[in-house]
Every structure is written in structure tokens, then in C-alpha cells.
Amino acid sequence: MVNYSRYKRNPVLNYPEREWPNKEIEKAPVWCSVDLRDGNQALIDPMQVDEKIEMFQYLIKLGFRDIEIGFPAASQIEFDFLRQLVDRKLIPNDVRVQVLTQCREELIDRTFESIQGIENVIVHIYNSTSTLQRDVVFGMERDEIIDIAVKGTRMVKERAAKLPGNIILEYSPESFTGTEMDFALEICTAVQKEWGPTKENPIIINLPSTVEMTTPNVYADQIEWMNKHFEDRESIILSVHPHNDRGTGVASAELAMLAGADRVEGTLFGNGERTGNVDILNIAYNMFSQGINPELEIEHINEIIEIYERCCKIPIHPRHPYAGKLVFTAFSGSHQDAINKGVKAMKERDGKYWEVPYLPIDPSDIGREYEPIVRINSQSGKGGVAFIMDIYFGFKLPKAMHKEFANVIQKVSEQQGEVSPDEIMNKFAEEYLNQKEPLHFRKLKVDDLSDEVESEFDTKVTVTYTDRGIEKSFQSIGNGPIDAVKRGIEENLGFSIKILDYSEHALQSGSNSQAAAYIHLLDAETGHVTYGVGVSSNITRASVRAIFSAMNRLGLSD
């Protein structure tokens, strides 16, 4: 049995007077991207300076006006990156650059050194306030924790007075969700009073769900409670920074907006520590789907994906909301039928609103398209054909092979229209698996030469084949069976070939499993290339069959 007894429920706020359940989101919040700080620090391979600059400029293009760029006091790389933005005049006057620092004098001094010459800056200070961290990390009482925050605020205030430009303070009681509400209010109010904000020059109070600890409704209760108990509320921009530990970061942010949050910090596609930050694009597209202007330029989702994946080196999950490759694809026949009927009805009725079963938005509005890719016709892409081969028949074609085989199927579809999965498989067998003339591989014998010290190579092969029905054979040596077969073909058949790529996988599990091998072969004399495919219960034999398949497709014996 799962040892659930090791865990205890996190306390919930007794707050029966909550009002957020009766509210609706009516407008976009102030968006703050933390891709370059919270997101970047969570990457396996953090962004290089040129990638950071590209991401920064793209965030501006998307419409972000608050962008947290890093922790310049803690990293020379981030310090230099910020100075590059300044020196190259890459920060528009309407963009607020946000820098993070702990409440320590040397770090605050270094932070102010990094922001020299910037028109609008958010200096973001924080310290941890939760019951658990006060106990096991810091060993401090409440008043000591408050003293850290107030002193940090005072240091920022003193330095801001000497610096030209517009300095805004942001304060985060880090680990807010694990902090008692009365203490969270006390420390935020102490910071607020020390800073002295006004309606015209507000402070940002950021209440992070640093670790999601319970259901989103509890976070909403906490936000609303703080929202209603703040003094001089109009001098505060109430910000939230939800993480996604329970997989409910988007819900937490949306309910927090109902509860009074003015601002949301997050990242593109939810990249961040552990299970990630809140996905700002997810929230923005949710708003878009409800007829609310998200105030971000998000109509070109494929472009956003391309830049994100290149800079962050993280692929988008195929089922990621709005962005995944499969989210606007109908696999079920009944779904396809309902979607087609919905689109037809909408056109016939000249409907003002998008109302189509199974499609909450028109994919074309964000640069996508509806793809019933289980049906392949002349308009189908190479990915659809590869999908059929994988899902229906277990062949995972190498990416570079997708176009080659899709071109074969397109010729069929141009003649007859839609091509069924079985017809696709039959054509695959004809083009690759059954390419046995004029050269037909028959048998392979492999001998290990690794014990022969003087030999340059470790493998000897004996290949039996037929050439236009006449049985022949050759022997050759090489570094492994594939290399030995290649050398033997060149030496005995007189072909000049090069293996560009090789991949293989099991077609099914169990004792009778088959393996598929794919060989990308180059005819060095003509420059022509093609794929060959072989199947066998033995992966080496499958690979040799793939080589012979490719040679026949290249017409090397013609």
C-alpha cells in the first residue's frame, strides 16, 4: 500500500466570506515574463547571451512590458547580459526590466551597479517567510524575518533616491503559501510602510505559490484575504507567481485573478523549477477563447514554439494546451464527423461566434490548422503519413525519411484521392521491404575477430545473395557487421556507397519480436540518396536487408 500516512494535509484558510467564486475574469492582468530568470535557471543547458537577447527581444514583440532578466548580483554572466542590453540600447522606454536580489547589502549594491542607465527598473527583493523555512532553514522568529525585509527595503530606498530613472520596488514573501496569513500581512505591510508607495507610484507585492501545497481554491482564498486586508490598497499592485507542483498552476493563477490579483508572473509554456512556473500562454489563450483580449501578440503559435524550443532546448509536449502538435487533431471518426458538421453549420448560418464541437477555438486564429491526420489525401503532410506508419503498423520512420515516403504516397493520392492506412502500408512494403531485385540478400554469417591481435578489424562477414537470380557470395572484414558488409559491397560489387544514417527499433515485444532497420544510403558516384528498410527477428540481418533495399532503390545494378 502507498505510504500516504507519511504526509499531512496542509492547513486551509477559514474564510467563508470569500467572494471570488462569483466573479469572472474580465480583462488581462499585467503580464510579467520570468523566462530569463526563473525559467533560465531551470534549464539543463541555460541560454547563452545571444539566446537571451533573442528571447528578450521576442518577449517584447509578444507584448510583455515587465520582464525579469535575472539575478545580476549573483552571476557575472547575468550582470554582463544586463549591461549588454543597456549598452546596445535594447530596452525600450516602455519596458520595465526586473532584477532579483536578496535583502543583503552587497547584493543590493551590485544590483544597483547593474541597472545604471535604465529608464524603468523593478527591483525585486525577497526573503522566505514560511513556518517550515523559519524553523529548519533560518532558525529565526517572526520579528527577525520582518527585520530582514524592512532593512532590505530601506537599502533599496536609499539607493533609489540617488539614481535617475523610475525605480519600482517589488517585494515577495517567498514561500507565501506556507506562511500564516497574519504574518504574511504583517511583513508585507512593514515593507509597504518603509517604502512609502502612493497610487501614482505603487509598490508591487508579489505573493508566490513557490510550492503548490494544496488546491487552487485555497490559494485564491489566501489572495483574496490579503487583498481585502491590505492598507492603502490602491498603492499596491498585487502580483502572483504560481508554480505548478500539483499540476494546477494555471487554475491557481486564474482563481487568483478572480480574487484580486492585478499581475501574473510566469513563463512561456510553463518552463521553470520542478514541474514549472505557470504557463502564461495557456492563461492568455484561455482568455482569448472566452472573448477576452489577452493583450499579448499570440496569434503565431508556431513561431513562438520555434523560438522557445531553440533557445530553451526543451520540446513542447504533443498534448500541450493550444501548442502541442496533436491538440487540434481528431483521431476518432465520431470527433471528425462532429467537427466537420460543426464547421459546415457555422458557415451555412454565417455565425458570428466560433462554435464547433471539440474545438474550443479556431486553430487558424493562432496559426494552426485542424488535422484529421488519420485520413491521408493529396493535401496531407509528411507527418501524417509517418503517424500512420507508427500508430497503425509500428514503423517509426526516421525524420529525414518522412518526406521521401510522403512523396510516394502523394503520387498515389493525386491519382485516387484518399489513401487508407492499409494502402499506405502496402505501398511501404512495395517501395522498401520488397525491394529484392536485382539484388536479393539471402544469408549472413558473422565471425568475431576480436581475439586476433594483429587484425585491424574485429568482424568478418560472409554474405550470400542473388544477382538477377544467380546466387553469389562474398567475404569481408570491418569494424562491426554493417561496416564489414559495406566494405564487401564496395570491394566485390564495385559500388561506391556511404551510409549517412542508421536507426533501428523493435516492431513488437515478446519472444517472436521483429526488428526494423533503416539505412540512409548515398551513391558516391551520382550523389543520389535514398532510404532502405529491412525487417528481421535479427537486427543485424534487418540492417543488411535495409542496405540491399537501398541499393535496389538507387538502381546501382541497373
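From a predicted model like this one, the values you see are computed outputs, not experimental measurements.
A donor-acceptor pair is defined here as one N or O able to donate and one able to accept, closer than 3.5 Å; such a pair exists between the side chain of Y285 and the backbone of I298. With S75 contributing its side chain and E78 its backbone, the two residues share a donor-acceptor pair below 3.5 Å. Between the side chain of H243 and the backbone N or O of T275, no donor-acceptor pair lies under 3.5 Å. Panel note: side chain R246, backbone T214; a donor-acceptor pair is recorded below 3.5 Å. Between the Q435 side chain and the A550 main chain, no donor and acceptor come within less than 3.5 Å of each other. Listed for the N302 side chain is a donor-acceptor partner under 3.5 Å among the backbone atoms of G367. Judged by distance alone, the side chain of Q475 and the main-chain N or O of K460 form no donor-acceptor pair under 3.5 Å. A distance-only check finds no donor-acceptor pair linking the side chain of R468 to the backbone of P438 [under 3.5 Å]. Within the 3.5 Å criterion, the main-chain N or O of L439 finds a donor-acceptor partner in the side chain of N552. In terms of modelled atom types and a separation under 3.5 Å, the side chain of S543 and the main chain of I539 share a donor-acceptor contact.
Here the closest non-hydrogen pair linking A42 and E273 is CB-N, 3.5 Å. Taking both residues in full, the closest heavy atoms of I314 and L43 are given as CD1-CD2, 3.5 Å, listed atom of the first, atom of the second, then distance. Of all the heavy atoms in E491 and S476, the pair that sits closest is OE1-OG, 3.9 Å. A546 approaches A517 most closely through the heavy-atom pair CB-O, 3.6 Å. Across W354 and P360, no two heavy atoms sit closer than the pair CD1-O, 3.8 Å. In terms of heavy atoms, R83 sits closest to S114 at NH1-O, 2.8 Å.
A distance of 12.5 Å separates CG of L522 from CG of D501, quoted to the nearest 0.5 Å. Between atom NZ of residue K403 and atom CG of residue N407 there is a gap of 4.0 Å, rounded to the nearest 0.5 Å. With values rounded to the nearest 0.5 angstrom, I69 atom CD1 is found 7.5 Å from I91 atom CD1. With values rounded to the nearest 0.5 angstrom, H505 atom NE2 is found 5.5 Å from L507 atom CG. If you take CG on L444 and CG on N538, they are separated by 7.5 Å, rounding to the nearest 0.5 Å. The line from CG of D38 to SG of C32 is 10.0 Å long, rounded to the nearest 0.5 Å.
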query: For N244 and D279, what are the C-alpha separation, side-chain angles and deciding distance, and is it a side-chain contact (heavy atoms from CB on, under 4.5 Å)?
result: CA-CA 9 Å; N244 196 46; D279 182 349; over 6 Å; no
From CA spacing to verdict: side-chain hydrogen bond (donor to acceptor under 3.5 Å, both in side chains), Y219, T177: CA-CA 7 Å; Y219 187 51; T177 45; over 6 Å; no
query: Are F548 and K436 close enough, and set up right, to give a side-chain contact (heavy atoms from CB on, under 4.5 Å), and what steps lead you there?
result: CA-CA 8 Å; F548 275 73; K436 299 178 180 179; over 6 Å; no
task: Starting from the C-alpha separation in whole Å, work towards a yes-or-no answer on side-chain hydrogen bond (donor to acceptor under 3.5 Å, both in side chains) for S420 and D422.
output: CA-CA 5 Å; S420 72; D422 285 340; 5.5 Å; no
- request: Output, in order, the C-alpha distance, side-chain angles, deciding distance and verdict of side-chain contact (heavy atoms from CB on, under 4.5 Å) for V544 and K443.
  value: CA-CA 10 Å; V544 178; K443 290 189 296 185; over 6 Å; no
- prompt: Between Q41 and F71, does a side-chain contact (heavy atoms from CB on, under 4.5 Å) hold up when you go through it step by step?
  reply: CA-CA 10 Å; Q41 75 182 30; F71 202 146; over 6 Å; no
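Note on ring orientation: taking the six-membered ring where Trp is involved, the planes of Y531 and H520 are parallel (angle under 30°, cut-offs 30° and 60°). Aromatic ring pairs are classed by plane angle as parallel below 30°, tilted from 30° to 60° and perpendicular above 60°; the pair Y126 and H124 is perpendicular. The aromatic rings of F56 and F81 stand perpendicular to each other, their planes meeting at an angle above 60°, with 30° marking the opposite boundary.
In this structure, E423 does not pair ionically with K427, as no charged nitrogen and carboxylate oxygen lie closer than 4.0 Å. Ion pair K313/E51 flagged as a salt bridge, since at least one NZ, NE, NH1 or NH2 atom sits closer than 4.0 Å to an Asp/Glu carboxylate oxygen.
With no hydrogens or angles considered, a side-chain donor-acceptor pair links H241 and N277 at under 3.5 Å. For the residue pair D80 / Q76, a side-chain donor-acceptor distance below 3.5 Å is found, with atom types taken as modelled. Between S33 and D35, the side chains place a donor N or O and an acceptor N or O closer than 3.5 Å (distance only, hydrogens not considered).
Annotation for K486: atom NZ counts as buried by contact number, over 12 foreign heavy atoms lying within 6.0 Å. Crowding of I77 atom CD1: a count of heavy atoms from other residues, nucleotides or ligands under 6.0 Å not exceeding 12.
Each of Y518, F393, F405, Y392 was evaluated against F428; a single residue qualifies, F405, per the ring-ring contact (aromatic ring centres under 6.0 Å, His included) test. Exactly one of E303, E297, E299 qualifies for a salt bridge (charged side-chain N to carboxylate O under 4.0 Å, His left out) with K61. That residue is E303.
The shortest distance between side-chain heavy atoms of M401 and F395 does not fall below 4.5 Å. Taking 4.5 Å as the limit, some side-chain heavy atom of Y322 sits within range of a side-chain heavy atom of S289. You'll find the side chain of T248 stays beyond 4.5 Å of the side chain of T215, heavy atoms only.
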